[in-house]
Enquirer: 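Provided herewith is a single structure, encoded as structure tokens, for subsequent inquiry.
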Amino acid sequence: MTLRIAITPGEPAGIGPDLLITLAQRQWPAQLVAIADGNLLQQRAAQLNLPLTLLPFNPDEAITCQQAGTLYIHQVDMATPAIAGTLDEANGAYVLETLRIACEQNMLGVFAAIVTGPVHKGIINQAGISFSGHTEYFAQQSNTPDVVMMLATEGLRVALVTTHIPLAYVSKAITPQRLRKVTEILHHDLQEKFAISNPRIFVCGLNPHAGENGHLGTEELTTIIPTMEELISEGMDLIGPLPADTLFQDKYLNNADAVLAMYHDQGLPVLKYKGFGNSVNITLGLPFIRTSVDHGTALDLAGKGTADVGSFELAIKEAIHLATKKAQN
Ligand SMILES: NC(=O)C1=CN([C@@H]2O[C@H](COP(=O)(O)OP(=O)(O)OC[C@H]3O[C@@H](n4cnc5c(N)ncnc54)[C@H](O)[C@@H]3O)[C@@H](O)[C@H]2O)C=CC1
Ligand SMILES: NCC(=O)COP(=O)(O)O
């Protein structure tokens, strides 16, 4: 069965378009539909000296595998032409519109998954649109109250209890309800999406040394341990809370199906140190499959042809893999 995958290249001044054009030089076992401005892709392909034939996307046509050097295009007009490496807030609404269409069309079943390239959160906000990330945006657009950001590389999966919020708000955001919901979604998706029958999840503490019995912070005693005890009594295999500074060692990781970190910069630096360029970001709990890259817009590399395609490639492959499994079930 051939599947149809929506791809949003993200910020037009960043490396997302470059990476998509580079990856379109090969044949894919799925139909890849870029939701983007075709003029941007043609202009960037010329800048990178790569051939690109854009084929108008028609959802009523039969789904065929992607041929090398081609991309299907669902046209969304930019407000102004993009210059590689130079952000322009005039295109903030365009970026959001590509995400909105991708979400809507996935909800309607036109696509089997969404793969997103990197967006620049700052320039979207500068354009007057409140935006903290794809994860939160897709949750809101699909009316999903709780979703989980998980990044995965060979040998390590890291999921986050909180995502794109200021550090000052993290403690308050780690409520028993949120921790329970995140752990349930992670546990469920490790079973359903990754075929792990009884997932073992290692849980980080929030405070240094996991609070040192309340002497260095109390969230472990008031929230994390009681919630974990409840979930363990319901049958989950949870270990922790362990001090985050010593959790990420093979002794634990060799027996872990995932690590649950309390906040963005607790878990992701370790994941990216291990596998930057070879990691994929997967949103768990959404009503559709969504994968993404492990990196940002890398404006310093846009238009130069030197950006590493590894993570974008993995994001497309993982989306095809997850969507194929879902279709088979
Ligand atoms: N999936 C997404 O939409 C993501 C978006 N971002 C956004 O990207 C913007 C820039 O963020 P930064 O923190 O500067 O991170 P960044 O990932 O864009 O750049 C950090 C460093 O990594 C390098 N780098 C990034 N991707 C690379 C690649 N594919 N190949 C080779 N080198 C690469 C860059 O050249 C730079 O030196 C921010 O607005 C951030 O919010 C960040 C992460 C993910
Ligand atoms: N650090 C991950 C990141 O910024 C990408 O998040 P999202 O846009 O996929 O929600």
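As the structure lists them, so they are numbered: ligands from 1, and atoms in each ligand from 1. Just so we're clear, the structure is a prediction, and the values are computed from it rather than from any experiment.
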Enquirer: With a cut-off of 4.0 Å, which atoms of ligand 1 are near a heavy atom of His120?
Expert: 9 (C), 39 (O)
Enquirer: What protein heavy atom lies closest to atom 10 (C) of ligand 1? Include the residue and the distance to one decimal.
Expert: Thr297 OG1, 3.5 Å
Enquirer: Taking distance alone, with no angle check, do Thr306 and ligand 1 share an N/O pair under 3.5 Å?
Expert: no
Enquirer: Are the aromatic rings of Phe111 and Phe288 close, with centres under 6.0 Å apart?
Expert: no
Enquirer: Ignoring hydrogens, what is the shortest heavy-atom contact between Phe312 and Leu19? Give both atom names and the distance.
Expert: CD1-CB, 3.6 Å
Enquirer: For atom 27 (C) of ligand 1, what's the nearest protein heavy atom and its distance?
Expert: Ile15 CD1, 4.0 Å
Enquirer: State whether any protein heavy atom lies less than 4.0 Å from atom 18 (O) of ligand 1.
Expert: yes
Enquirer: On a heavy-atom basis, I'd like to know which of Leu299, Leu87, Val119 is closest to atom 5 (C) of ligand 1.
Expert: Val119
Enquirer: For ligand 2, is His295 a contact, meaning one of its heavy atoms is under 4.0 Å away?
Expert: no
Enquirer: Where's the contact between Thr283 and ligand 2, heavy-atom distance under 4.0 Å: side chain, backbone, both or neither?
Expert: neither
Enquirer: May I ask you to identify the nearest protein heavy atom to atom 1 (N) of ligand 2, giving residue, atom name and distance to one decimal place in Å?
Expert: His264 NE2, 2.7 Å
Enquirer: Quick check, are the ring centers of Phe248 and Tyr273 under 6.0 angstrom apart?
Expert: no
Enquirer: Heavy-atom distance from atom 7 (C) of ligand 1 to the protein below 4.0 Å?
Expert: yes
Enquirer: Got the closest protein heavy atom to atom 35 (O) of ligand 1, with its distance?
Expert: Asp300 OD2, 2.8 Å
Enquirer: What part of Thr163, side chain, backbone, both or neither, has a heavy atom within less than 4.0 angstrom of ligand 2?
Expert: neither
Enquirer: When you compare ligand 1 with Pro118, is there at least one nitrogen or oxygen pair between them that comes in under 3.5 angstrom?
Expert: no
Enquirer: Please report which non-hydrogen protein atom sits nearest to atom 3 (C) of ligand 2, along with the residue it belongs to and the distance in Å to one decimal place.
Expert: His164 NE2, 3.4 Å
Enquirer: How far is atom 40 (C) of ligand 1 from the closest protein heavy atom, and which atom is that?
Expert: Lys121 NZ, 3.9 Å
Enquirer: Starting from atom 42 (C) of ligand 1, which protein heavy atom do you reach first, and at what distance in Å?
Expert: Gly296 CA, 3.3 Å
Enquirer: Under 4.0 Å from atom 31 (C) of ligand 1, do we find at least one protein heavy atom?
Expert: yes
Enquirer: Tell me the nearest of His134, Lys272, His164, His295 to atom 44 (C) of ligand 1, using heavy-atom distances.
Expert: His295
Enquirer: Which residue and non-hydrogen atom of the protein lie closest to atom 9 (O) of ligand 2, and at what distance in Å?
Expert: Arg290 NH2, 2.8 Å
Enquirer: Taking the six-membered ring of Phe194 as reference, does the NZ or CZ atom of Arg157 fall below 6.0 Å from its centre and within a 45° cone about the axis?
Expert: yes
Enquirer: Tell me if the CD atom of Gln249 is crowded by more than 12 foreign heavy atoms within 6.0 Å.
Expert: yes
Enquirer: Do Thr2 and Thr64 come within less than 4.5 Å of each other through their side chains, counting heavy atoms only?
Expert: no
Enquirer: Any protein heavy atom sitting closer than 4.0 Å to atom 21 (C) of ligand 1?
Expert: no
Enquirer: Indicate yes or no: does an N/O atom of Thr135 lie under 3.5 Å from an N/O atom of ligand 2?
Expert: yes
Enquirer: Consider ligand 1: state whether an atom of it lies below 4.0 angstrom from any non-hydrogen atom of Gly10.
Expert: no
Enquirer: For atom 5 (C) of ligand 2, find the nearest protein heavy atom and state the residue, atom name and distance (0.1 Å precision).
Expert: Asn281 ND2, 3.8 Å
Enquirer: Counting only heavy atoms on the protein side, is anything nearer than 4.0 Å to atom 12 (P) of ligand 1?
Expert: no
Enquirer: So if I count the atoms of ligand 1 from 1 in the order they appear, which ones are less than 4.0 Å from some heavy atom of Ser292?
Expert: 1 (N)
Enquirer: With no hydrogens and no angle check, is any side-chain donor or acceptor of Arg44 less than 3.5 Å from a backbone partner on Pro12?
Expert: yes
Enquirer: Just go through Leu301, Asp308, Val293 and tell me whose heavy atom is the nearest to atom 33 (C) of ligand 1.
Expert: Leu301
Enquirer: Relative to ligand 1, is Ala298 under 4.0 angstrom through side chain, backbone, both or neither, heavy atoms considered?
Expert: both
Enquirer: Can you check whether His134 has an N/O within less than 3.5 Å of an N/O in ligand 2?
Expert: yes
Enquirer: Tyr72 vs Phe57 aromatic rings, parallel, tilted or perpendicular, using cut-offs 30° and 60°?
Expert: perpendicular
